[in-house]
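In what follows, every heavy atom counts, from backbone to side chain, and hydrogens, waters and symmetry copies are set aside.
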Amino acid sequence: MNIPLELINNENLNKLLALNNNHVIDIVAHYAELCKPAKVTVITDSPEDVAYVRTKSLENGEETALAMPGHTYHFDGTADQGRDKTVTRVLVPSGYKMSKAINTLEREEGLKEIEEKLARIMAGKEMFVAFFTLGPANSRFAIGALQLTDSAYVVHAESILYRPGYEEFKQLEGSDKFFHFIHSAGELAENKTSKNPDNKRIYIDLEANRVFSVNTQYAGNSLGLKKLALRLAIKKSHNENWLCEHMFVMGARPEGKNRITYFTGAFPSACGKTSTAMIPGQTIIGDDIAYLKIGADGIAYAINVEQGIFGIIEDVNPVDDALIYEALTGPRELIFSNILISDKTPCWLGMGRDWPETGLSYLGPWQKGACDSEGNELKPAHKNARYTIRIKELANADTNLDSPEGVPVSGIIYGGRDYEVSPPVVESLSWAHGVFVGAILESVTTAAILSKQETVHNPMANIDFMVVPLGVYLTNHLKFGERLDKQPKIFSTNYFLKSSDGKFLNQKVDKKVWLYWMEGRVHGEYKAIETPIGLIPKYEDLKHLFKQIFDRDYARADYETQFSLKLRGLLERLGRIEKIYAEEEGVPAEFFEHLNQQKQRLLDVQKDKSAEIISPFDFDL
Ligand code: SPV
Ligand code: MN
């Protein structure tokens, strides 16, 4: 297939031809023909091409420059402020099965609908053709990604968040082993946000390794390499026996220990994932998506798929998130989204400053005290407002950020948002028990997803992307562990316990104590208390850590409240989980063994103690 020559000039055409890849040419030709852009521009890895996209985004009004050099802001539409599950569908060929939580659509029907939506959608606009890699370049982890879009903002954001891939594509030697993404923001309203949210669609075509995204700009829906590629990569990892996870990667470096211990962690959106990856004094590799593969030495290695952070900006302030705050307030290339702009500076919720009198938000002009039509006070910025920044801009970037081998993983953390039951930190009894713990993860939903707030089951924080059946996904985790010579320890955390009067039981910074305890456990340094749900810290060890890290006295009573086992809540959760898994096919027997054993251990204690709340001291024999 040929690209219509009236749409592409020689310079751009030559950039494509230099790749020697007919699959790329065919894809560009097909969508140029279908979407009918005014012209096609190819973006290579050259600084000039990357700068061109940034300039275009400013020129076409998708981004606007702020007073600080390098800073811009972007607004998404009022109905486009988070990932939208209702219009996200995986196109399934008949007979293909996946997790029950995934919305699916018959493939042929979906392709027909999306082709109709794409027809002429780029009329009058420029189509950008850009190349990136998922994972570090020249690495066994790397996957090429081709992005077609009419949004300069999308390519600009991707150039911050992902590693360049034009040169990597040359190394494909003509193969079709890459992912591709077709995106259009669709018609734009006056404020340059997508105008037709009713026609928003995100369709994932596993069979062709491609994703379509139309009439949306919010990065979680529009940037191919973020959550769209995550679905494709989960299927690929299943076929190739590695793990593709919704996980951060970070290095723990406790003072005076002269060592670095790498952890990965899966948390549902807005449950402390980025802030765990950014704990002061430690180093960050990534905050969202990791690939894990086994090395020749039998150890699990992880890489960050990304090189940047698309982070929640709410509560980033000099006290709670000093490093990010510092990075966001200095001159460097970054994009703010859905914050309030006043006097060419950004303001967000929880930034620790008074609001200005007036400003501009994604909702339009804003002023203090303004209300919506129902009389509710208008929030100046969205709860899911975000920043887009390169990790290397942060003072705590890990030196192995781009290591093609990845980093050895010693610990895996599963974290959820639970106000009532789960203790702050628990170590699993084994790899298989840890897989069970990840598989029963529940969490209260947050503003990162457009839905009502409720407690939902979110195994490994990956349920939204699980394009293989849940049972198969868990089996893959079990097998991965069996193939390892040295299994990482698996932990669960919960930063959100509240007292009966609704106050948080822990400070935000306390997660550093839990991390240091986990790090110490990896190195065999602390004894732990065995309980029916796993191993918990001893009071003396935490008391010592609180003193050492924060010079704070950790009261025995606080420990007791935080680490008591609430038997009824724990058993109720297992009941909910049991029901969900009874509906799934192919769940490994080991999962049910752990479920039944954990239930029995809890029932035994309930009977033995004739109580519902059991102090951790009762287990510390
Ligand atoms: C998340 O919601 O998990 C995020 C942001 O990391 S998004 O890009 O929306 O997926
Ligand atoms: Mn995420």
*Say you draw a straight line from CG of Asp288 to CD1 of Ile309; how long is it, rounded to the nearest 0.5 Å?*
9.5 Å
*Among all residues two or more places apart in sequence or in another chain, which pass the ring pair (Phe, Tyr, Trp, His ring centres under 6.0 Å) test with Tyr387?*
none
*Please indicate whether Lys599 has more than 12 foreign heavy atoms, meaning atoms of other residues, nucleotides or ligands, lying under 6.0 Å from its NZ.*
no
_Let me confirm one number: the OG1-CZ distance from Thr193 to Phe75, rounded to the nearest 0.5 Å._
10.0 Å
*asked:* How about CD on Glu454, more than 12 heavy atoms from neighbouring residues, nucleotides or ligands closer than 6.0 Å, or not?
replied: yes
*Mind checking side chain to side chain contact (heavy atoms under 4.5 Å, CB included) for Ala327 and listing every partner two or more places apart, or none if nothing turns up?*
Arg332, Ile389, Leu394
*Start with the C-alpha distance between Lys511 and Leu515, add both sets of side-chain angles, then the distance that settles side-chain contact (heavy atoms from CB on, under 4.5 Å), and finish with yes or no.*
CA-CA 6 Å; Lys511 51 175 83 74; Leu515 177 72; over 6 Å; no
_Donor-acceptor pair, distance only, cut-off 3.5 Å: does the side chain of Asn458 make one with the backbone of Ile463?_
yes
*asked:* Main chain of Phe310, side chain of Arg386: is a donor-acceptor contact present, judged purely on distance under 3.5 Å?
replied: yes
*Does any N or O in the side chain of Asp418 come within less than 3.5 Å of the main-chain N or O of Glu442, such that one atom is a donor and the other an acceptor?*
no
_Test item: side-chain donor near acceptor, Asn215 and Ser194, under 3.5 Å_ = no
*asked:* Minimum heavy-atom separation for Leu497 and Pro424, please, with both atom names.
replied: CD1-CD, 4.0 Å
*Flag side-chain contact, heavy atom, 4.5 Å: Ser94 against Glu106*: no
*Hey, can you tell me if His246 and Phe465 have their rings parallel, tilted or perpendicular (30° and 60° cut-offs)?*
perpendicular
*Only one of Phe141, Tyr291, Phe480 passes ring-ring contact (aromatic ring centres under 6.0 Å, His included) with Trp242; say which it is.*
Tyr291
*asked:* Quick check: closest heavy atoms across Arg83 and Ser269, and the distance to 0.1 Å?
replied: NH2-OG, 3.0 Å
*Residues which pass side chain to side chain donor-acceptor pair (under 3.5 Å) with Lys508, listed by chain and number, not counting sequence neighbours*: Asp315
_Among Leu111, Val92, Val211, side-chain contact (heavy atoms from CB on, under 4.5 Å) partner for Asp205_ = Leu111
*If the plane angle is over 60° it's perpendicular, under 30° parallel, otherwise tilted; pick one for Phe504 and Phe496.*
perpendicular
_Holding to side chain to side chain donor-acceptor pair (under 3.5 Å), I want the full list of residues that pass it with Asn209, two or more places apart in sequence or in another chain._
none
*Could you give me the CA-CA distance, side-chain angles and deciding distance for His180 and His23, then say whether side-chain contact (heavy atoms from CB on, under 4.5 Å) is met?*
CA-CA 10 Å; His180 65 286; His23 301 287; over 6 Å; no
*Which atoms form the tightest heavy-atom contact between Ala130 and Val155, and what is the distance?*
CB-CG1, 3.8 Å
*Assess whether salt bridge (Lys or Arg N to Asp or Glu O under 4.0 Å) is satisfied between Lys112 and Glu116, documenting all intermediate values.*
CA-CA 6 Å; Lys112 186 166 170 288; Glu116 281 166 15; 3.4 Å; yes
*asked:* Given 3.5 Å as the limit, does a donor-acceptor pair link the side chain of Trp431 with the main chain of His477, or not?
replied: yes
*Results of side chain to side chain donor-acceptor pair (under 3.5 Å) for Arg390 - residues two or more places apart only*: Glu333
*Pairing of Lys226 and Glu306 as salt bridge, 4.0 angstrom limit*: yes
*Would a distance-only check, ignoring hydrogens and angles, find a side-chain to backbone donor-acceptor pair under 3.5 Å from Glu62 to Tyr153?*
yes
*So, does Asp150 use its side chain to make a donor-acceptor pair with the main chain of Met122 at under 3.5 Å?*
no
*asked:* How close do Met98 and Leu206 get, counting heavy atoms only, and between which atoms?
replied: CE-CD1, 4.1 Å
_Please find the pair of heavy atoms, one from Ser213 and one from Leu228, that lie closest to each other, and give the distance._
CB-CD1, 4.1 Å
*Within 6.0 angstrom of Arg576 CZ, more than 12 heavy atoms from elsewhere*: yes
_Quick check against the 3.5 Å criterion: does His156 have a side-chain atom that pairs as donor or acceptor with the backbone of Arg54?_
no
*Mind checking side chain to side chain donor-acceptor pair (under 3.5 Å) for Ser361 and listing every partner two or more places apart, or none if nothing turns up?*
none
*Tell me, please, which residues at least two apart from Tyr31 pass ring pair (Phe, Tyr, Trp, His ring centres under 6.0 Å).*
none
*Ring centres of Phe436 and His433 under 6.0 Å apart?*
yes
*Before giving the answer on salt bridge (Lys or Arg N to Asp or Glu O under 4.0 Å), spell out for Asp287 and Lys273 the whole-Å C-alpha distance, their side-chain angles and the decisive distance to 0.1 Å.*
CA-CA 7 Å; Asp287 89 318; Lys273 189 161 157 227; over 6 Å; no
*Excluding sequence neighbours, so at least two apart, what forms side chain to side chain contact (heavy atoms under 4.5 Å, CB included) with Glu113?*
Leu105, Lys117, Arg201, Tyr203
*asked:* Could you check whether atom NZ of Lys293 has more than 12 heavy atoms from other residues, nucleotides or ligands sitting under 6.0 Å from it?
replied: yes
*Carefully, step by step, assess Ile391 and Gln307 under the rule side-chain contact (heavy atoms from CB on, under 4.5 Å).*
CA-CA 6 Å; Ile391 292 174; Gln307 64 165 11; 5.9 Å; no
*Partners of Lys192 by salt bridge (charged side-chain N to carboxylate O under 4.0 Å, His left out), sequence neighbours excluded?*
none
*Could you state the interatomic distance from CZ (Phe181) to CZ (Arg210), rounded to the nearest 0.5 Å?*
12.0 Å
*Does Asp372 reach the main-chain N or O of Asn376 with its side chain, forming a donor-acceptor pair under 3.5 Å?*
yes
*Give a yes or no on this: more than 12 heavy atoms of other residues, nucleotides or ligands lie within 6.0 Å of atom NZ of Lys100.*
yes
*Please name all residues satisfying side chain to side chain contact (heavy atoms under 4.5 Å, CB included) with Lys379, sequence neighbours left out, ordered by chain then number.*
Leu349
*Rounded to the nearest 0.5 Å, how far apart are CD1 of Ile284 and OG1 of Thr274?*
7.0 Å
*With under 30° as parallel and over 60° as perpendicular, where do the rings of Phe267 and Tyr495 fit, or are they tilted in between?*
tilted
Mind listing the side-chain donor-acceptor pairs of residues 229-237 below 3.5 Å, one per line with the distance, residues two or more places apart or on another chain?
unit_1: Arg231; atom_1: NH1; unit_2: Lys227; atom_2: O; d: 2.9
unit_1: Lys236; atom_1: NZ; unit_2: Glu240; atom_2: OE2; d: 2.9
unit_1: Ser237; atom_1: OG; unit_2: Ala233; atom_2: O; d: 3.3
unit_1: Ser237; atom_1: OG; unit_2: Ile234; atom_2: O; d: 2.8

_Set of residues satisfying side chain to side chain contact (heavy atoms under 4.5 Å, CB included) with respect to Thr475, sequence neighbours excluded_ = Lys479, Pro588
*What's the shortest heavy-atom distance between Asn384 and Tyr218, and which atoms?*
ND2-OH, 3.1 Å
*Please determine which of Val305, Val249, Ile303 meets the side-chain contact (heavy atoms from CB on, under 4.5 Å) test together with Ile289.*
Val305
